[in-house]
Amino acid sequence: MKKIILIIITCIHYSISADEGMWLLTLSKEKYEELKKKGLKLTLSEIYNTDSASIKDAVVLFGGGCTGSFISANGLVLTNHHCGYSYIQRHSTIEHDYLTDGFWAKNYAEELANPGLTVSVLESMEDVTNKVLLNVSEVMTETERNMIISNNIKKIIESQKPSKFTKIDVVTFFNGNVYMLVKYKVFKDVRLVGAPPSAIGKFGGDTDNWIWPRHTGDFALFRVYANKNNEPAEYSPDNVPYKPKKYFKVSISGVKENDFTMVIGFPGKTNEYCPSYTIEHVMSINPIRIKLRELRLEILKTAMDTNRAIKIKYASKQASIANYWKKWIGELEGLKFLKVVEKKKEFEKEFDGWANISYTNIEKYGNILNDFREVYKNYTPLAIKENLIHEGIFGIEILTKINLFENIVKCNDTAVKTNLKIVQQSLMGFYNNYIPIIDKQTFIKIFSYFAQNNYLINEIPTINKLNRKFKNWEECANIIFNNSYLTSLQKLKELEKFSPSKIKKIITNDYLFKIYSEVIYYFNNYLASRIKKYKTTIDSLNRLYTKAQLELIAKEFYPDANSTLRISYGNIKKYQPRDGIIYNWYTTLDGIIEKEDTTILDYVVPEKLKTLYYKKDYGKYAQNDTLTVCFIANNHTTGGNSGSPVLNAYGNLIGCNFDRTWESTMSDYYYNPDRCRNISVDIRYVLFIIDKFAEAKNILNEIEIVDYN
Ligand code: ARG
Ligand code: GLU
């Protein structure tokens, strides 16, 4: 990977805070020296090296959006319980409820396959900016530019001869100023090896999510399988455990305040160099998204609390809705508390001065901030509507599946029945975890809320008509859901008895189908092209603004997160969330016992864990009879870093990253070293659970434990 080193031209007041940043693993010499000064004991080539085994080979992209790491010579992968959650759920039934009871395979044969789950291992990253920008000139329009770029990218990817076991991406860094070719090997046979019960892996649940102090044992174990040549393959019973180039040794020597830590993973998306206008935009969108999710969560809570089967079916969906709902609330508070808009505006004042200093600057950068202001003025109201559709209307689950029915409505009569079968087939999994009554309640909540606020009521004819026709949305929903054939597999099967033309008619007249079609029509005809236009403008302004900042700032820059492999570094540290409160840097098993509340599901403690606690049966994982559960550090992380290995100065594993504190949730836009802390589960707690709680000696035996360093 070519290093991105940025040159200083003029310097104005702007600083990247100490320890801020998610850096490419090919650290610059300056950055590497800084890390060494902070305590790092590894050489650069031990971190990233394409010729021999290095850390990059031990950190994997788990599924689409999490990180994992190899922790044994036999392809054992450590990630978070919440990253494996939907897979654990899919294996769970009331009889074998692995969500509640946990799961531990006693041997390879008991490990459970997970169709669709992949683990991707990075092969290489290479700067291809020149190839991507070939034939691009500064005078062309954004549309022309984008067309040339996407053609160039297509050619680059094709020249790599992608296969079904490779993932070849060309990814932009610094908002369109740098491009990299990123190649992965994709493993498709990934099996569940072990997961603690949710009362450990999700202890504290949504109540504690994004919160410190935390006591969650948020880990799960999977294994990557390969063919006999150690290459990726489709699932087969003949596959064998993959032998990774590198895996992490696990350190039980313990962590102390101020220890150096690194988090290596695949952070998803940040926007650190944006103008104040982006922050204002986020601050106007968040309250709406929060409200819409709140409405949906209320319904789920009531339903899940009353029935165990519903609880299992909706566990994973509920967790993902709740996760960002809470994140956005914290983010909004953090942006306000830190006065991020004001701070950005201060910077912008200085920027303006610089941008107007010379004719060249004026020509290139003189208008950026004005242009940003103008474009957001137009874009924000549309984005609000987009969110009303996305988080509101498509929060009604069935509406996200109606597109499949279009194939039936649009096809020749002769194909109707075959297409109906295809739809039934593709929706089987969906219906398995779908309860129409819950969706009906959501429908009522969302549309009543829309009606109260006059959201989209006048824009979508059917919604308008229903709003006038019925006394209330409850009455309306009862009729729509009772009459619909689209809300269960059984009802879909009933459709088979009708003639093809009748089937088409029934679907077309179904109110759910009508609402879906009209919403899509409205979006495509009234929103999509304008949204695209404004987003393109924002992208191009971001490119320019980032370029200007690169020219301007006297420090090395880190590129915003873009799901590529990064290293964040820092130290284990306490923090002061508010005046008069200091949060300690670690939590212990004592805190789990303290939090226990048998009447609140989030705080139920498994009996066996309590027995171990009272006997102080901690094996070699405790110090002075105290077992650390989680710790915090100021590593700059974001969504996607879940499951990331947390390493000490020697590159040994000390924890598994799983969250940020409430006070850090705004760090995707603004990192603050005093407030930002990532939360990790201490690896000794993980080993304790595997060893003492699960007594999974087979798993423990394959992990290489070091008790020095
Ligand atoms: N907040 C963490 C993350 O963003 C953990 C989420 C687990 N989900 C939950 N709803 N508790 O992924
Ligand atoms: N839990 C998050 C994830 O799934 C990590 C928390 C964060 O956003 O920092 O990646």
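Order of appearance sets the numbers: ligands from 1, and atoms from 1 within every ligand.
- Between the side chains of Y184 and D169, no donor-acceptor pair is found at a separation under 3.5 Å.
- Relative ring orientation between F557 and F174 is described as tilted, the plane-to-plane angle lying within the 30° to 60° band.
- At under 3.5 Å, not a single nitrogen or oxygen of R214, backbone or side chain, sits near a nitrogen or oxygen of ligand 1.
- At least one heavy atom of K202 sits less than 4.0 Å from an atom of ligand 1.
- For the atom pair CG (D57) and CG (L122), the distance works out to 8.0 Å, reported to the nearest 0.5 Å.
- Shortest contact from atom 5 (C) of ligand 1 to any protein heavy atom: N209 OD1, 3.4 Å.
- At least one N or O atom of D206 sits closer than 3.5 Å to an N or O atom of ligand 1.
- For ligand 1, none of its N or O atoms has an N or O atom of S320 under 3.5 Å away.
- Between G640 and ligand 2, at least one pair of N/O atoms sits closer than 3.5 Å.
- Heavy-atom contacts from other residues, nucleotides or ligands closer than 6.0 Å to NZ of K610 number more than 12.
- No part of F266 comes within 4.0 Å of ligand 2, judged by heavy-atom distances.
- Between S642 and ligand 1 there is a heavy-atom distance shorter than 4.0 Å.
- For an aromatic pair to be called close, the ring centres must be under 6.0 Å apart, and H281 with Y277 fails this.
- With ligand atoms numbered from 1 in the order given, ligand 2 contributes 10 (O) to contacts under 4.0 Å with heavy atoms of N641.
- Contact annotation: for Y85 versus ligand 1, there are no heavy atoms closer than 4.0 Å.
- Put simply, part of H82 is less than 4.0 Å from ligand 2, judged by heavy atoms.
- Of the N and O atoms on the side chains of S667 and S664, not one donor lies less than 3.5 Å from an acceptor on the other residue.
- Where the criterion is an N or O separation shorter than 3.5 Å, residue side chain and backbone included, A319 meets it with respect to ligand 1.
- Each of the following atoms of ligand 2 lies closer than 4.0 Å to a heavy atom of D659: 6 (C).
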